[in-house]
There are 2 protein chains.
Amino acid sequence: MPRRTGYGQFCPVAKASEVIAERWTPLVLREMITGCNRFNDIHRGVPLMSKSLLSKRLRELEHAGIIVRKEIPGESVNGYFLTESGEALRPIIIAIGEWGQRYVRSNFEHQDLDPSLLMWDIRRLIQIRHLPAEQVVIEFEFTDQTDAQRRWWLLKEAGAGEIELCLHDPGYEIDLRVEADLESMTRVWMGEMDVSIALRSGAVKLHGSRALRLSFQDWIGLSIFAHVEAPLSVS
Amino acid sequence: MPRRTGYGQFCPVAKASEVIAERWTPLVLREMITGCNRFNDIHRGVPLMSKSLLSKRLRELEHAGIIVRKEIPGESVNGYFLTESGEALRPIIIAIGEWGQRYVRSNFEHQDLDPSLLMWDIRRLIQIRHLPAEQVVIEFEFTDQTDAQRRWWLLKEAGAGEIELCLHDPGYEIDLRVEADLESMTRVWMGEMDVSIALRSGAVKLHGSRALRLSFQDWIGLSIFAHVEAPLSVS
DNA sequence: CAGTATCCGATGCGATACTG
DNA sequence: CAGTATCGCATCGGATACTG
């Protein structure tokens, strides 16, 4: 009888794991914790997960009382929201990420690098207050990627509070071009490579607006795990 | 391509989940964190897991640098030990258990009750310092169980620092007999039912040594999650 | 956009048997 | 006790197509 779904134990670790340690579920929770509420937004964070499975997982989380599905205020579509129980998972997911950042070697395996995930992450954490108030267009070019994966645009409309990620050239004048290979940009984002070192070594190059170049370190948000230090022990 | 093992993401939550959110793995970690080092001891905590899978998971954890396999000091068998990385998971596993205790309804589903797991847990947390120094034999009888699952014995030899769990009558004189249905005893163990209430209501009955009866509350350890309070909100 | 229904192939994992 | 090797199938989950 393979996989009876459930561990058959009353232990709270087991009962909790039945819900939150299912495949993909920690990542779905991560997306919700970082503020995604709509189905397709969540799915952008886990693009390799099939939509049917995401749908199933969301139903399971709802059944477990971790999320509720309700109409998004203002819009007439419905979304998913963490309950108190779900909010209580925030420190756990964060702790798992910090543990991963600190102890899991084999980050940056080639197969894990993904420009779309990286750009989607960067977009979320751009520090808008450090950008000019007027419209800003920033192009990212990953020099080792081809075609569809090579160039990306972040677009902030004048006065807007959100950044848009574009897969096609929006046509406006480019204010800044960021040029790097995917691994370097990912390492910078993850805090594995210092921004200043990346710029000085040429691993990341900036072209365009002097103001945007100088403030790069300010407006480029880093991963929320970028601050995590290596373990004390030399292993 | 079902289940490529791995999420294809550089995010530390994903990299961590690839290791610690695999099926059974949180429970294996729980066993190690609670002090089990030997293969069969670990397996007693996850009896529904096949030995081949446990073996596989241990290899994966070793490969991930979470445990090391080495000879147990004093004995000439080898066991498994948490590394620094593994020790760093302790607060996470504990937090998951606390979350589960607080938020997962559907504890005490009939299918999750298991006298052998319960007794194995109780054995581990018996407060020996609250037992008489001489030999002590305590019999547990689960009144709703049959045959092989009905009676269990905890045996402390005179002066011993460990308790032995017996599935067959060790033959010595019984100092105390604890009588309860499995669910009541489990609820008491999990902190869902107060010990004094259980005794007063007759859900748990004690027969035998007056000293052992009076000190029951002291020597019976409760689950490490028994202290966790319900959420503030009424849900 | 926001999902659901159906299909079916790969694989995870339990069962069993075996080794030192 | 402490595992490993082999086998078989149930189920997990991706692909595809479809709906409002």
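Note on naming: letters A, B, ... go to the chains in the order of the sequence lines (proteins, then strands), and numbering restarts at 1 for each one.
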Is there a donor-acceptor pair closer than 3.5 Å between any side-chain N or O of [X] and the backbone N or O of [Y]?
X: Ser17(A); Y: Val13(A); value: yes
X: Gln145(A); Y: Arg151(A); value: no
X: Asp144(B); Y: Leu182(B); value: yes

### Query
Does dG3(C) pair with anything, Watson-Crick or G-U wobble, both distances under 3.5 Å, and if so, with which nucleotide?
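Answer to the pairing question: dC18(D), which forms a Watson-Crick or G-U pair with dG3(C).
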### Query
Who is the Watson-Crick or G-U wobble partner of dG9(C), with both distances under 3.5 Å?
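For dG9(C), the partner nucleotide comes out as dC12(D), under the 3.5 Å rule.
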Starting at [atom1] of [X] and ending at [atom2] of [N], how long is that distance when rounded to a whole Å?
X: Arg38(A); N: dA2(C); atom1: CZ; atom2: C1'; value: 9 Å
X: Glu22(B); N: dG12(C); atom1: CD; atom2: P; value: 8 Å
X: Asn78(B); N: dC1(D); atom1: CG; atom2: C1'; value: 11 Å
X: Phe39(A); N: dG20(D); atom1: CZ; atom2: P; value: 18 Å
X: Asn40(B); N: dC1(D); atom1: CG; atom2: P; value: 5 Å
X: Trp24(A); N: dC12(D); atom1: CH2; atom2: P; value: 17 Å
X: Lys51(B); N: dA5(D); atom1: NZ; atom2: C1'; value: 13 Å
X: Ile67(A); N: dG3(C); atom1: CD1; atom2: P; value: 10 Å

### Query
Looking at the side chain of Val77(A), which of dG13(D), dA2(C), dG14(C) is the nearest nucleotide?
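Looking only at side-chain atoms, Val77(A) lies closest to dA2(C).
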#### Entry: Nearest listed nucleotide, side chain of Arg69(B), among dG3(D), dG13(D), dA15(C)
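Per side-chain heavy atoms of Arg69(B), the pick is dG3(D).
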Residue-phosphate contact under 4.0 Å: [X] side-chain N/O, [N] OP1/OP2:
X: Arg23(B); N: dC12(D); result: no
X: Tyr80(B); N: dG3(D); result: yes
X: Arg59(B); N: dG3(D); result: no

### Task
Could you label the plane-to-plane angle of the Phe39(A) and His43(A) rings as parallel, tilted or perpendicular, counting under 30° as parallel and over 60° as perpendicular?
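Geometry flag for His43(A) against Phe39(A): parallel rings.
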### Query
Which atom pair, heavy atoms only, marks the closest approach of Gly45(A) to Gln9(B)?
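For Gly45(A) versus Gln9(B), the nearest heavy atoms are O-NE2, 2.8 Å.
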### Message
Pick the closest DNA chain C nucleotide for Lys56(B) and for Ser52(B) by heavy atoms, then say which residue is nearer the 5' end.
### Response
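Closer to the 5' end of DNA chain C: Lys56(B).
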